[in-house]
Amino acid sequence: MKKLALIALITGMLLAAAAYITEANDLPGAVELRTVGFIGYIFIISAAAYFSLYWLYKWNKDAETIQP
């Protein structure tokens, strides 16, 4: 699952960057790439949420094992 989240994070960054670059430089297709950029943001947020929950779960598991 970590590999899938990492792929989603990288893909989302690429999609959002492509949408930003086309919009900033007034390239053709900028309007259509807004949707792609939005999907990229969703990928980034989803991956960040997964990694945040993963680390919280791992820290909680470590904290439970330390107590006597």
Side-chain angles (χ1 to χ4, degrees):
M1 189 67 180
K2 283 192 275 184
K3 189 181 286 189
L4 181 64
L6 187 61
I7 291 170
L9 178 67
I10 292 170
T11 304
M13 290 169 58
L14 291 174
L15 291 175
Y20 174 75
I21 290 169
T22 55
E23 184 72 33
N25 294 324
D26 273 342
L27 297 174
V31 175
E32 292 83 10
L33 277 178
R34 285 184 193 155
T35 304
V36 174
F38 181 70
I39 293 169
Y41 290 135
I42 291 173
F43 282 174
I44 293 169
I45 292 168
S46 299
Y50 171 77
F51 284 123
S52 297
L53 289 174
Y54 171 76
W55 283 108
L56 284 173
Y57 175 74
K58 186 174 179 181
W59 288 338
N60 184 31
K61 195 173 182 181
D62 290 343
E64 289 176 356
T65 57
I66 292 174
Q67 297 174 356

Original post:
Say you draw a straight line from OG of S46 to CD1 of I39; how long is it, rounded to the nearest 0.5 Å?
Top reply: 11.5 Å
**OP:** Establish whether V36 and V31 are linked, either directly or via other cluster members, by ILVMFWY side-chain heavy-atom contacts under 4.5 Å.
**Re:** no
Subject >> Shortest non-hydrogen contact from G37 toward A19 >> reply: CA-CB, 3.6 Å
Subject >> A5 to A47 - nearest heavy-atom pair and separation >> reply: O-CB, 3.3 Å
Original post:
Nearest 0.5 Å, what's the OG1-CG distance between T11 and L4?
Top reply: 9.5 Å
Original post:
Taking atom CD1 of I44 and atom CG of L14, what is their separation to the nearest 0.5 Å?
Top reply: 9.0 Å
Original post:
Distance-only, no hydrogens or angles: does the N25 side chain make a donor-acceptor pair with backbone N or O of I21 under 3.5 Å?
Top reply: yes
**OP:** Decide yes or no on side-chain contact (heavy atoms from CB on, under 4.5 Å) for E23 and L33, but give the supporting numbers first.
**Re:** CA-CA 8 Å; E23 184 72 33; L33 277 178; over 6 Å; no
Subject >> Same apolar cluster: Y20 and I10, side chain cutoff 4.5 Å >> reply: no
Original post:
Would the number of heavy atoms belonging to other residues, nucleotides or ligands and lying under 6.0 Å from CZ of F51 be above 12?
Top reply: yes
Original post:
What about L6 and L53, same hydrophobic cluster or not, with Ile/Leu/Val/Met/Phe/Trp/Tyr joined at side-chain heavy-atom distances under 4.5 Å?
Top reply: no
**OP:** Please answer: with hydrophobic residues joined when any side-chain heavy atoms are less than 4.5 Å apart, are Y57 and Y50 in the same cluster?
**Re:** no
Original post:
Are M13 and F43 close enough that some pair of their side-chain heavy atoms sits under 4.5 Å apart?
Top reply: no
